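Shown next, in structure tokens, is the structure this report addresses.
Counting convention: from 1, in listed order, for ligands and their atoms alike. Being a predicted model, the structure only gives us computed values, none of them experimental. Starting from 1, each residue takes its place in the sequence as its number.
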Amino acid sequence: MEIETKCLYSGYTPENGGPQTLPIYQSTTFKYNSTEQVAKLFDLTENGFFYSRIGNPTVDAVEQKIADLEGGVGALMTSSGQAANFIAILNILSAGDHMISSNEIYGGTFNLFAVTLKRMGIEVTFVDQDLSIDELQKYVKPNTKAVFGETITNPTISVLDIEKFAEFAHKNNVPLIIDNTFATPVLCRPFEFGADIVTHSTTKYMDGHALTVGGVIVDSGNFDWTNGKFSDLTTPDESYHGVSYTKEFGKAAYIVKARVQLMRDLGATPSAFNAFLINQGLETLSMRIKTHSSNAEQMAQFLAKHEKVEFVNYPTIEGNKYADLAKKYLDGGNSGVIAFSLKGGREAGIKFIDSLKMVSLLVHVADIRSCVLHPASSTHRQMSDKQLLDAGITPGLIRFSVGTENIKDIIEDVSQALDKI
Ligand SMILES: *Cc1c(COP(=O)(O)O)cnc(C)c1O
């Protein structure tokens, strides 16, 4: 099936006479007739559901759909995108380990890496993602266990050279984890370019309607965890009666471990109802992302020509440094998110946002309704000025998430707000 079709049919097939749409299994638990069968479920020798923290039929169907959209062997939905990135990393890194991350990442992920992972003894080195492989190599340590980046960075809209990052990671026998939130699998499937693990905040385009916070981890099944660096996956897990994930689950070792060990222990599980809502969003994802992309392209052109605008970051703008990478990695659009900076800096940014009438100011992005955000005063306010500039964020930077309204209406609103500056 093509991606548009998978958005509708993957993950759930109605039985004869069964419901046409994915049912919501709003149940914490599942009933069995024999202890023998329950034992098999616990031993992971039989597939089935026993407790919704570990697995639920509604959630499972949506996980299968997302795995299929990304081309992976399995997926694990989480209660938020933050939980997805946290579990994705904690699944292979422990205290004493090190990771290399692009410095152009979502503010929440930055805090997770720089503060919370650090407190847990995991060190993250932030690098300029445009460095060459040789330059990146200087940051590798003997305890480096993963490389991390975002396909399209939030909020700076840089495009990551996924193949370069994959080559760099694999040269060092570690996996590449890609946060594919902004691109979605409709525009980019990072596994096709060598990424090993993909994460998403489903809160964004996958949901698309600003209804529910959620996340997902997808496993490509391609990384060789038996290379000697990942003993947690190859040696018996005493907390799960001695199971060795690579031996028993082969290509699905990583994602099974994330579920039965970390989701079991951390409990950052999505509800069946939230999974249902995300599925609803996924059904129209391919259509929405195309409209978002074409609207954003027109909005970016309008902004680029405007006298009050300092610069616009969007791959289709003439001279954009990421135009070639976008052509290579993004298929059929560049998503709806634009970053632009106003000449008047911080004050102009505030005046602009406060003058908008239809476009909403909110801490959100990738919604059907256009919305704006001023990172320096909101999502990235925990970062120092130097950290902000290192991450490519100017004081006047506006993150503009272009919705699916008629583009004429969006431009009209933006135009009158720019006039007020
Ligand atoms: C929003 C976002 C996250 C965090 O996801 P939540 O669902 O808000 O927890 C992670 N990565 C990116 C790229 C995001 O945009």
Side-chain angles (χ1 to χ4, degrees), residues 62 66 70 75-90 99 101-117 124 126 129 148-160 162 165 176-185 187-188 190 195 197-218 266-271 274-275 277-278 281-282 285 289 292 296 313 329-330 334-339 362-367 371-373 375 378-383 391-393 397 399-402:
V62 187
I66 296 171
E70 286 287 3
L76 175 69
M77 291 182 86
T78 57
S79 53
S80 67
Q82 286 298 113
N85 280 328
F86 180 52
I87 292 176
I89 290 158
L90 203 62
M99 182 172 90
S101 169
S102 162
N103 61 13
E104 288 188 62
I105 52 171
Y106 173 66
T109 312
F110 179 85
N111 289 333
L112 168 66
F113 291 0
V115 181
T116 299
L117 288 186
V124 180
F126 297 96
Q129 64 182 36
F148 184 95
E150 295 176 2
T151 310
I152 303 174
T153 63
N154 179 2
T156 44
I157 320 301
S158 303
V159 180
L160 180 72
I162 300 173
F165 257 48
L176 173 61
I177 304 173
I178 292 288
D179 182 331
N180 197 32
T181 298
F182 274 14
T184 82
L187 300 182
C188 177
I197 306 297
V198 158
T199 60
H200 285 274
S201 166
T202 61
T203 317
K204 315 297 163 57
Y205 285 119
M206 283 194 174
D207 169 325
H209 299 73
L211 292 173
T212 181
V213 172
V216 68
I217 307 167
V218 192
L266 300 176
T269 199
S271 71
N274 279 1
L277 291 175
I278 290 160
L282 288 170
L285 179 64
I289 202 80
H292 282 296
N313 288 356
Y329 293 112
L330 305 174
N334 297 274
S335 102
V337 193
I338 297 172
L362 31 81
V363 182
H364 190 43
V365 65
D367 183 42
C371 51
V372 286
L373 183 90
S378 56
T379 47
H380 286 62
R381 62 179 297 123
Q382 285 90 350
M383 289 168 76
I393 299 165
L397 192 84
R399 189 186 66 186
F400 197 124
S401 171
V402 184

- Look only at the side chain of T153 and the backbone of P155, and say whether a donor-acceptor pair between them is shorter than 3.5 Å. no
- Whether S102 side chain and Q129 backbone form a donor-acceptor pair below 3.5 Å: no
I need the atoms of ligand 1 closer than 4.0 Å to a non-hydrogen atom of [X], numbered in the order shown.
X    : result
G214 : 7 (O)
Q82  : 4 (C), 5 (O), 6 (P), 9 (O)
S80  : 7 (O), 9 (O)
T181 : 12 (C), 13 (C), 15 (O)
F182 : 15 (O)
T203 : 6 (P), 7 (O)

- Query: Rounded to the nearest 0.5 Å, how far does CD1 of I87 lie from OG of S79?
  - Reply: 7.0 Å
- Task: Would you please determine whether A366 falls within less than 4.0 Å of ligand 1 on a heavy-atom basis?
- Result: no
- Result for side chain to side chain donor-acceptor pair (under 3.5 Å) between T199 and one of T181, T109, N85, N180 points to N85
- Task: Mind telling me whether F182 and Y205 have parallel, tilted or perpendicular rings, with 30° and 60° as the class edges?
- Result: perpendicular
- Of all the non-hydrogen atoms in the protein, which one sits nearest to atom 12 (C) of ligand 1, and at what distance? D179 OD2, 3.4 Å
- Query: Of the choices G108, G81, S79, G107, which has the non-hydrogen atom that lies closest to atom 6 (P) of ligand 1?
  - Reply: G81
- Select the closest option to atom 14 (C) of ligand 1 among M206, K204, E150, judged by heavy-atom distance. K204
- Considering the options I338, V372, N154, which one meets the side chain to side chain contact (heavy atoms under 4.5 Å, CB included) requirement together with R399? N154
- Is there a donor-acceptor contact under 3.5 Å linking the side chains of T212 and D207? no
